[in-house]
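One structure below.
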Amino acid sequence: MLAHIQPMRNILGLDFNMSTVLMTTVTCIIVFLIAFIGTRNLSLKPSGMQNFLEWVVDFVRGIIKANMSWKVGGQFIALAFTLLFYVFVANMLGIPFEVYNKDTHEAWWRSPTSDPALTLTMAALVIILTHYYGIKIRGMGEYLKDYVRPVWFLLPFKIIEEFANTLTLGMRLFGNVYAKELLMILLVGLGSSGIFGALGAFLPTIIWQAFGMFIGSLQAYIFAMLAMVYMSHKVESH
């Protein structure tokens, strides 16, 4: 099981992890379908999927209000909702099973967030958006002043902080999801080694799958929460 490799393909001189491309597409389709089905027939008395989506929106609203005023933060509810929902679905995809090619040992079905290239790209996108909205909402002058407040010699440290935020936001998500899937592979490998291995791995596998769901949910929440924390630092004066 540990011999599985990533299906890398070179396209126009660039290397692409086709498993990440596939699973990212699957994640986007699932998120779109849930949002589409849940909002297709809106009702004043929500039920079913609409009720669930409204609960998620209220949950996201709470995340935003915990970090910034609603007058400013209300415009980010779609961003926070998308981040939370996308990361959650992406984290869940690798829990029930893994699909791989027996001949090439290429793993195709797994959580796309177990790829550091994806999580770091998402983190970079979030940080770039915080700068964009910081300038848009507060103006260039007020935005730049934050880098020299309260004293000017903090400038290099605040620049380093921007890179550190990107790295920690992306690697935290990757590390937790990758560790979850790695241990799952070990347990499945033990379970397939024989009857005694199967008996010994059955209960730990069930427990770890449940814990994996908890980890995936928690990491989705943390990613969305930190995105709003970083956003509040740029769009509001502190």
Side-chain angles (χ1 to χ4, degrees), residues 1-38 49 52-53 56 78-129 166-189 191-192 205 208-224 226-227:
M1 296 296 289
L2 290 177
H4 295 177
I5 60 175
Q6 305 304 326
M8 304 299 297
R9 301 292 185 271
N10 187 282
I11 303 175
L12 299 177
L14 298 175
D15 291 327
F16 290 89
N17 186 328
M18 300 310 294
S19 173
T20 300
V21 174
L22 170 66
M23 298 312 297
T24 298
T25 304
V26 171
T27 303
C28 291
I29 292 173
I30 292 174
V31 172
F32 171 78
L33 288 177
I34 293 175
F36 176 76
I37 294 172
M49 190 66 73
F52 168 71
L53 289 178
V56 176
L79 172 62
F81 177 88
T82 303
L83 290 174
L84 179 70
F85 220 154
Y86 175 84
V87 175
F88 172 77
V89 173
N91 290 349
M92 294 298 110
L93 287 180
I95 288 179
F97 53 82
E98 180 184 77
V99 176
Y100 70 98
N101 187 312
K102 289 185 178 181
D103 297 325
T104 63
H105 294 284
E106 293 177 332
W108 285 88
W109 185 282
R110 60 186 181 82
S111 295
T113 43
S114 64
D115 184 351
L118 175 66
T119 59
L120 286 172
T121 300
M122 292 175 58
L125 174 63
V126 168
I127 299 302
I128 291 171
L129 285 175
T166 305
L167 185 63
T168 56
L169 183 62
M171 294 305 293
R172 178 187 291 107
L173 177 59
F174 158 71
N176 281 275
V177 177
Y178 179 77
K180 174 202 67 170
E181 295 203 345
L182 180 60
L183 185 53
M184 183 63 69
I185 290 174
L186 290 171
L187 289 172
V188 172
S192 60
T205 300
W208 187 248
Q209 281 190 324
F211 189 62
M213 294 179 65
F214 170 74
I215 293 175
S217 302
L218 180 62
Q219 290 305 312
Y221 167 74
I222 290 175
F223 194 91
L226 288 178

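With sequence neighbours excluded, no residue forms a ring-ring contact (aromatic ring centres under 6.0 Å, His included) with F16. Under the rule for a ring-ring contact (aromatic ring centres under 6.0 Å, His included), F88 has no partner lying at least two apart in sequence or in another chain. Partners of L129 by side chain to side chain contact (heavy atoms under 4.5 Å, CB included), not counting sequence neighbours, listed by chain and number: L79, L125, Y133, M231. Scanning for side chain to side chain contact (heavy atoms under 4.5 Å, CB included) contacts around F32 gives F36, with sequence neighbours left out. Qualifying side chain to side chain contact (heavy atoms under 4.5 Å, CB included) partners for L120, counting only residues two or more places apart in sequence or in other chains: L167, M171. Judged as a side chain to side chain donor-acceptor pair (under 3.5 Å), and not counting sequence neighbours, the contacts of S19 are R110. In this view, F85 and F81 satisfy the ring-ring contact (aromatic ring centres under 6.0 Å, His included) rule, not counting sequence neighbours. Partners of D115 according to the side chain to side chain donor-acceptor pair (under 3.5 Å) rule, which considers only residues two or more places apart in sequence or in another chain, are T20.
Donor-acceptor pairing under 3.5 Å is lacking for the side chains of S111 and N91.
In terms of heavy atoms, G212 sits closest to M92 at O-CE, 4.2 Å. Shown here for F174 and S114, the closest heavy-atom pair between the two residues is CE1-O, 3.0 Å.
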Could you go through the side chain to side chain contact (heavy atoms under 4.5 Å, CB included) check for M122 and V87 one step at a time? CA-CA 10 Å; M122 292 175 58; V87 175; 3.5 Å; yes
Check against side chain to side chain contact (heavy atoms under 4.5 Å, CB included), V26 and W109: CA-CA 10 Å; V26 171; W109 185 282; 4.1 Å; yes
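No side-chain heavy atom of L169 sits less than 4.5 Å from a side-chain heavy atom of L173. Contact of the F223 side chain with the V126 side chain is registered, since non-hydrogen atoms from C-beta on lie closer than 4.5 Å. A 4.5 Å side-chain heavy-atom check between I30 and L93 finds at least one atom pair inside the cut-off.
Between I222 atom CD1 and L218 atom CG the span is 4.0 Å, to the nearest 0.5 Å. Atom CD1 of I37 and atom CE of M49 lie 6.0 Å apart (nearest 0.5 Å).
Listed for the T24 side chain is no donor-acceptor partner under 3.5 Å among the backbone atoms of V21.
Among residue pairs with one or both ends in residues 6-33, those qualifying as salt bridge (charged side-chain N to carboxylate O under 4.0 Å, His left out) are R9-E106; sequence neighbours excluded. Residue pairs that meet the side chain to side chain donor-acceptor pair (under 3.5 Å) test with at least one member in residues 79-89, sequence neighbours left out, do not exist here.
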